[in-house]
Amino acid sequence: MATIHIDGRAYEAEAGENLLQTCLNLGLDLPYFCWHPAMGSIGACRQCAVVQFQNAEDQRGRIVMGCMTPVTEGAIFSLAGDKAQQFRQNIVESLMLNHPHDCPVCAEGGECHLQDMTVMVGHRDRHYRGRKNTHRNQYLGPLINHEMNRCITCYRCTRYYNDYAGGTDLAALASRDHVYFGRHQEGVLQSEFAGNLVEVCPTGVFTDKVLVHDYTRKWDLQSAPSVCVGCAVGCNTMPGERYGKLKRVHNRFNAEVNGYFLCDRGRFGAGFVNSKKNLLYPGLRQPEGTYDALDHHQALLHMQQACTTGKVAGIGSPRASVEANFLLRSLVGAENFSPGFSAHEQPLVMEVLQLQQHTAAVIPDIATIESADAVLILGEDVTNTAPRIALALRQSVRNKALAMAADMGLQPWQDAAIRNLAQDQRNPLYIASVADTPLDDVAEVAISLAPNEIARLGNAVARNIAGEVNELPDEPLRPQVEAIVTMLMSAQRPLIISGTGCGTGTVTAAAAQLANALCAEGKRAMLCLVVPEANSLGQAMLCDADAPDLDQLQHRATSGEFETLMVLENDLYRRGPRFQIDALLAAFNQVLVLDGMDNPTTSLATLALPAANFAESEGTIVSLEGRAQRYYPLFKPPAERRPSWVWLLACLKELTHKDVEALHHFDDITRACANAIPALSGITAAAPDHHFRNLGQKIPRQTHRNSGRTAIGANVSVHEPKQAVDEESPLAYSMEGLNRAPPGALLPFVWAPGWNSNQSLHRFQGEVGGPLKGGTAGVRMLLSGTPSPGVSNYPEKGEPPFLDMPQGLWLLVPRQQIFGSEELSALSPGLCELVEDAYIEICAADAKSLGVSAGDGIVVGDSLATLEVRINDDVAQSCAGFSVGLKGAENLEALHAVSLRPADNWRRRAPTPGSEEVIGSDRALNSEARTRGRARQRPARPQGTVPEGPHV
Amino acid sequence: MLKALASQFRTLWTILQHSFTKAETVQYPEQQPYLAPRYRGRIVLTKDPDGEERCVACNLCAVACPVDCIALQQGVKEDGRWYPEFFRINFSRCILCGMCEEACPTYAIQLTPDFEMCEYDRKNMVYEKEHLQIEGTGKYHDYNFYRVSGLAITGKDKGQAQNEAEPVDVKSLLP
């Protein structure tokens, strides 16, 4: 700590911290533009000028930039001095010279950092009489709107996009007052994290395109703390609602999870909430196939009847809340409850949980991932399955730069200096996957292997580290194994990442074994295992290891055990090939489906019940790091839509089920679940219960400036209804209450006097960039496992053999897509335009032998699917990558051996004029930039050395 | 004492004088009083000199309204203009304070010298956009927001707004 003097007052501050951050920490208002807590200082905008005095005698002082000035003992500064104030005012005036007078039609207006700073410095009149510079805008894709005239050249966008997120297609072009931030050519921004530009840009150059076309100002949005349901990372979000529609999603800071940034799937993938396919009323299927709308009383009656005639089986969902799944499980009984994974995926997810529960390694959150100094990725394409982790990995490889800076005595916030110092030197990242991944550009080595070969590689490394005798002295992967061992053994905090993404449990087991071996060597090893969906891990915790999978349920139903099937928020047609799911549903006399949206499963239901989605209901979900987090409704669901837990609790009450007698509120269910399921005993601590009050008051969902209360509903009735009451949470559906330092899990929006933009966040943080004053949201239920000493947790399965496919067969390996592989986000407006058609990826040699070229059609198996061919020489040999979850690939299953043949009558997709060309060239540009100097390795397999074994 | 008496008489005299002045009250409704153009009565939405809607749905009137009686939703027209998809004023709540007019950056919303808004049914006091929109420019005849603002719309490209230079050629190497 150091004592500094600001405007005659003494303050205690952290020595070595920059003055700007210190001032904000102390609650002083110092304007700034280019500095960002996650990206450090470069001193580009000259806005945070202060006067520094040499000593107590110095009366003149000199102007320094706050963000570039380290705090030292006894330093004397002035913020309020005339010289500094005048300087800051002049800077804003010069930044505003070319500002285009369009705040009323700007989507940033009302939450604009430039507006705030202009007001803060007191600038009012424009003295410059010259003409304003103007710029043409670019089309940057369906998600981001570009309005270059508003730019103040703070360089935050390119620093974020290129330096932080590893993008290659956004740059500062031209010079002097012509500087332009854009692409070399119009086209879709290629980074998976481009959406953060909306929040990073201090003004309205980059705005949310979907919001711009259906706009609501920040002060009118009704927001609630929520959790992204796009993948298993569990990023915290602040979605906003107006007139019953979800308008936008902003990042909700969580120091341990998403920090300041979201991926584009999370930011733009929640639009499905407004879908026209939403179910509004319960529907009862008539014999002729039509549906009759019911009210909730009748629906409940039918539900009750269905549960009393014969035995009921239940299929839960890894995308529904823990509470809803728990109630369905109570309703049908644990032995009749299937967690709702596909039969292939269920053992994988169950094993991931087991491995995490019994590992000596640390289960890292995202902030901890960023601290890793060596990373090995086994089989998982994290950019497409758990994107936020990929962004964290891009920071972790920079730890080398930070270490070099520390050696030189450079402060970690000296961003430009550190990047200059380190150049391309990074911590090692080693990727073994089935084909190229978007992280390849920062990888030291990237290697393409078939899934089981990846496991073999992992096992060999684990053995080597554990000092076991190498059973395979002529191991063909020996050079790779040695490289990885050297890398991991020279690290202090090695991180092993794997997951269910490549479809086999051998890989996750190998990763866990490797992490354990590293722990045994005294390393602080970390193990991160990725699961597919938002609540996959919670679902695994809820269910026993022997919970029936979909196939078992079908067998039991066919034998006549069940009468009724109840499906909870789960489109089963995404869980297996069509014929299998048809057979499953046909085995039941009645099928009840609770879901928010019309989908193939609800279309076959005898009774479809409209279930509220994440924006309309509360729930707890467990992220891949075992963090239980609660999301809250933004608005009351319309018509007869009710949260699943309400439907199920009502049904259980009607059935006078003894377990639910004492359950009245949502919190009661959470508590009952925590009591009944030991693995989930922590979930009650995920967020305060509905009795919580913030200094005696509820926490408002609306800002104090929310407008239109007496006119919103006046077209329906001029008599204003009472504000909706939220009995299930400490949040209020109104502007009444107190949003000051609420618990981290209950932060609905950020705003502070004078700080209307998202930069007001620092007023909610204990220390700028640090955890929220109210604590970090969520509760960790898996910090580190409890390994049983001396006992190997991993049954020796024998070394997985090298892939040796017979002639004419290929192994289907999954290729995930950030846009499209997840069910609901793919339905969101804007984002849906980026969802591609399903495809098959094979290497050029295989394409040649099949006689196809890129863009041709190919028939997979016995007409399982006919898909477009893409040539990708980075796909492992004898493997064919298929796009998971995209339309057309429904019947394909991972790790099945299939035949391929050219399709007859295939019509090549006509390229859309212009766009195709642009995107294509960017791809080439990107892949070139990404693999610059380091080609992906495709080691040759030993031929005929390994007997043919099971590949599946 | 004398001073106080004088004051009393002066007061009586002043009041007596009023018996001979012309009455301000008029025989409303037969006789209509004069109301200045700036009078704060019924609210209208105006059009710009080119006959296009002035309202850009910026929401400033709604947020300025102390009784929260304005609700609207923004939309974007094909030509790039922002416009209100709906615009609703609940006149049964309106206090005719004129804050909306002061807040409006485009002179779209204006108060008029018409106060005759009596209804037997409160719901008839809810005005939608079609009830509010007038054809003329109201009190401000010349202002056209899009001629000043940098946002490009069909017919007005970048660089054609007030005091704007031609768009920068990013690829130019000239200093």
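Numbered from 1 within each chain, the chains take letters A, B, ... in sequence-line order.
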Any sub-3.5 Å donor-acceptor pair from Arg709(A)'s side-chain atoms to Asp68(B)'s backbone N or O?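 Flag not set: sc Arg709(A) to bb Asp68(B) has no pair under 3.5 Å.
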Tell me if a side-chain donor or acceptor on Arg217(A) pairs with a main-chain N or O of Asn59(B) at a distance below 3.5 Å. no
CG (Asn715(A)) and OH (Tyr127(B)) are apart, to the nearest 0.5 Å, by 16.0 Å
Spacing of His101(A) atom NE2 and Gln162(B) atom CD [to the nearest 0.5 Å]: 8.0 Å
Side chain proximity check, [X] to [Y], heavy atoms < 4.5 angstrom:
X         : Y         : value
Asn90(B)  : Val718(A) : yes
Arg81(B)  : Val105(A) : no
Gln74(B)  : Thr216(A) : no
His719(A) : Arg122(B) : yes

With a cut-off of 6.0 Å (strictly less than), are more than 12 heavy atoms of other residues, nucleotides or ligands near [atom1] of [X]?
X         : atom1 : answer
Glu135(B) : CD    : no
Tyr28(B)  : OH    : yes
Glu130(B) : CD    : yes
Met99(B)  : CE    : no
Arg38(B)  : CZ    : no
Glu119(B) : CD    : yes

Region of [X] in contact with chain B, defined by heavy-atom distances below 4.5 Å:
X         : answer
Cys103(A) : neither
Tyr215(A) : both
Arg705(A) : both
Arg129(A) : backbone
Asp214(A) : both
Lys247(A) : side chain

Of all heavy-atom pairs between Pro104(A) and Cys58(B), which one has the smallest distance, and what is that distance?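 So the two residues come closest at O-CB, 3.2 Å.
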Interface moiety of Cys69(B) toward chain A, non-hydrogen atoms closer than 4.5 Å: both
Tell me, for Glu166(B) versus chain A, whether the close heavy atoms (under 4.5 Å) come from the side chain, the backbone, both or neither. backbone
Hey, which of [options] has the most heavy atom pairs under 4.5 Å with chain B?
options                         : value
Asp220(A), Val212(A), Asp177(A) : Val212(A)
Gly130(A), Pro100(A), Gly110(A) : Pro100(A)
Asn706(A), Ile712(A), Asn98(A)  : Ile712(A)

Are the charged groups of Glu720(A) and Arg93(B) less than 4.0 angstrom apart, N to O? yes
Assess whether side-chain contact (heavy atoms from CB on, under 4.5 Å) is satisfied between Arg136(A) and Asp157(B), documenting all intermediate values. CA-CA 9 Å; Arg136(A) 295 210 179 277; Asp157(B) 201 3; 2.9 Å; yes
Specify which of [options] makes the most heavy-atom pairs with chain A at under 4.5 Å.
options                                 : value
Ala64(B), Gly75(B), Ala165(B)           : Ala165(B)
Val76(B), Val63(B), Leu72(B), Thr106(B) : Val63(B)
Ala57(B), Ala62(B), Pro105(B)           : Ala62(B)
Asp169(B), Val126(B), Asp121(B)         : Val126(B)

Test side-chain contact (heavy atoms from CB on, under 4.5 Å) applied to His178(A) and Val170(B), step by step: CA-CA 7 Å; His178(A) 286 183; Val170(B) 180; over 6 Å; no
Run the ring pair (Phe, Tyr, Trp, His ring centres under 6.0 Å) test against Tyr243(A) and tell me which residues pass, sequence neighbours left out.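 If we apply the ring pair (Phe, Tyr, Trp, His ring centres under 6.0 Å) test to Tyr243(A), skipping adjacent residues, the hits are Phe86(B).
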Output the residues of residues 138-155 of chain B for which the shortest heavy-atom distance to chain A is under 4.5 Å, in residue-number order; output 'none' if no such residue exists. Tyr143(B), Phe145(B), Tyr146(B), Val148(B), Ser149(B), Gly150(B), Leu151(B)
